[in-house]
Amino acid sequence: MKRTKIKELLASSPSNQLVTVSGWVRSFRNNQFISINDGSTIQNLQAVIELDSIEESVLRRLTTGTCLTLTGELVASLGKGQVVEVRVSELKILGDCDPEKYPLQLKNRPSLEYLREIAHLRSRTNTFSAVMRVRHAMAFAVHNFFNERGFYYIHTPVITGSDAEGAGAMFRVTTLDPNNPPRDTTGSVDFKEDFFGRETNLTVSGQLEGETYALALSEIYTFGPTFRAENSNTTRHLAEFWMIEPEMAFYDIHDNMQLAQDFLQYLVRYAIANCNDDLEYLSRRAKDEEDSKPKDQRSELSLTDRLKFVAENEFQRLSYTEAIDILKNSNPNKKKKFQFLIDAWGVDLQSEHERFLVEKHFKKPVILYNYPADIKAFYMRQNEDGKTVAAMDVLFPGIGEIIGGSQREERYEKIVKRIQELKLPEKDLWWYLELRKFGSAPHSGFGLGFERLIQFVTGMTNIRDVIPFPRYPGNAEF
Ligand code: 4AD
Ligand code: MG
């Protein structure tokens with residue numbers, strides 16, 4: 001018989017028809033009630049074994065984690081919590097699960113840290129299946145949003161030869177033998193002998209390549225994995241993360257900020273409208289986690305309230321200069337509570353400052369713009385004041401920076417001068433500079449860290465728990 005998904009069955013009414021269900025046992029009680037889950041929903045299906053209908057030796061194998069397929073009548077449930085249940089007439093075990101060895105038992109709730117060590121099994125937990133269903137919904141919504149607005153999805157390369165973005169340290173890609181690489185006459189490694197005939201790396205961002213298509217198709221976006229070889233062991237950094245980078249011709253920094261707000265609000269509203277069951281579960285999970293923290297560190301809003309709050313409120317826009325004034329005069333700065341004190345214009349903001357602005361001062365998402373040129377990338381458009389660039393960062397509660405972007409410098413002389421000042425490899429950027437020689441146009445774009453978005457939407461505190469197999473310093477298991 002054809003298998004029906006549990007999500008579909010739970011949404012239907014008792015039909016007394018035979019149905020077939022496959023999935024994994026979550027619990028088996030009183031030698032009679034199987035709670036079974038197939039990942040189509042956070043809800044389990046209850047299957048009831050009629051007395052003496054299934055052999056005792058089979059029933060004994062029904063432990064948490066066992067995979068089975070069963071057939072039975074879909075009937076009204078007498079128990080509370082579900083409308084329908086299945087009265088089992090046939091049951092076949094597809095895969096046994098040794099209760100002595102299976103690490104995911106109901107009684108001892110494993111910690112998130114421990115689950116990271118068994119990432120191949122954590123997919124079987126409520127938390128991780130809920131997070132990944134939300135992650136799927138968000139990826140789908142990203143494409144919906146841009147498709148509705150006539151943006152084209154461009155696949156930028158994962159392996160690149162350009163190392164000029166300056167976004168972070170890179171992972172080298174090579175097929176040379178590390179123990180015996182070919183050398184040139186000066187004794188240095190001869191990358192002409194390497195696979196691509198040059199040095200190559202995993203991309204840190206698809207932006208520069210994305211710009212080439214924005215200056216032809218007007219509005220494009222990329223959505224792919226990006227790699228940064230920084231040694232940052234934080235709850236917000238991964239060595240491999242997914243980034244969405246829209247790039248738009250004829251947009252200035254203000255159009256860019258508006259798009260960023262519309263985009264984030266669309267995604268959050270999509271999650272509220274389509275991920276209700278999972279968000280309810282995750283909201284309860286997040287509350288349990290909050291309750292275990294000291295009172296003064298707890299968040300004032302629940303997960304669902306935080307989502308509604310972002311979906312419904314305008315983001316606060318303010319310039320870097322205004323932000324510095326607020327921070328300089330803030331209580332934690334005066335009382336020396338910040339780890340990095342704000343004393344002068346020009347310093348880079350740390351996440352403690354970003355979170356102060358968002359969570360304490362404005363109590364809503366903030367878009368900071370017009371940053372000092374010296375702390376931002378070479379390609380950002382130089383403002384008239386001679387010291388700031390048209391950069392923008394979107395800051396979210398609990399997360400800090402979720403989006404970084406800018407209007408791009410479209411003027412050939414200005415960008416060449418900046419490249420020279422920063423001593424960047426001008427010759428590697430020849431193609432990027434040609435965009436400014438041939439039919440240049442004002443344009444803008446930004447990058448949304450997909451995992452930081454998923455953290456915000458699911459309320460998971462550690463970024464390692466919102467991607468199936470996290471990559472971070474010292475870890476590439478699986
Ligand atoms: O601010 P970033 O470095 O900007 C860029 O890469 C630009 N090229 C984007 C653009 O204008 N097209 O990164 C953008 C976003 C950050 O705001 C953050 O959300 C995320 O990417 N991000 C990371 N997420 C997880 N782990 C890391 N190591 C991240 N680094 C950045
Ligand atoms: Mg940034």
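Position 1 is the first residue of the sequence; numbering continues from there. Each ligand, and each atom within it, is numbered from 1 in the order the structure gives.
When heavy-atom distances to ligand 1 are checked against a 4.0 Å cut-off, R471 has no atom that comes that close, whether in backbone or side chain. The proximity of H237 to ligand 1, defined as any non-hydrogen pair under 4.0 Å, involves the side chain as well as the backbone. With a 4.0 Å heavy-atom cut-off, ligand 1 is reached by the backbone of E401 and by its side chain too.
Residue R452 places a heavy atom under 4.0 Å from ligand 1. In this structure, E247 has no heavy atom closer than 4.0 Å to ligand 1. The shortest separation from a heavy atom of I463 to ligand 1 is under 4.0 Å, placing the residue in contact. Taking a 4.0 Å cut-off on heavy atoms, Y379 registers as neighbouring ligand 1. Taking a 4.0 Å cut-off on heavy atoms, K376 fails to register as neighbouring ligand 1.
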Atom pairs and distances, side-chain donor-acceptor, residues 355-366, under 3.5 Å, sequence neighbours left out:
{"unit_1": "R355", "atom_1": "NE", "unit_2": "E359", "atom_2": "OE2", "d": "2.9"}
{"unit_1": "E359", "atom_1": "OE2", "unit_2": "G398", "atom_2": "N", "d": "2.7"}

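Among residues two or more places apart in sequence or in another chain, the ring pair (Phe, Tyr, Trp, His ring centres under 6.0 Å) test is passed with F450 by F223.
In the candidate list T226, I402, I244, I402 is nearest to atom 19 (O) of ligand 1, counting heavy atoms. Counting only non-hydrogen atoms, the option in T222, T203, L238 that gets closest to atom 26 (N) of ligand 1 is L238. The heavy atom nearest to atom 22 (N) of ligand 1, considering only F241, F450, F396, is found in F241. Which of P470, G447, G445 comes nearest to atom 15 (C) of ligand 1 through a heavy atom is settled by distance: it is G447. The nearest non-hydrogen atom to atom 2 (P) of ligand 1, considering only E211, E245, Q407, R228, comes from R228.
Below 3.5 Å of separation, one finds an N or O of G449 facing an N or O of ligand 1.
Of all N, O or S atoms in E401, the one lying closest to the Mg ion (ligand 2) is OE2.
Taking the charged nitrogens against the carboxylate oxygens, K417 and E409 have no contact shorter than 4.0 Å, which rules out a salt bridge. Salt-bridge check for R122 with D465: passed, with a basic side-chain N closer than 4.0 Å to an acidic carboxylate O.
Checked against the 6.0 Å centroid threshold, Y369 and Y320 do not count as a close aromatic pair.
Summarising the local packing, CZ of F196 is surrounded by more than 12 heavy atoms from other residues, nucleotides or ligands at distances under 6.0 Å.
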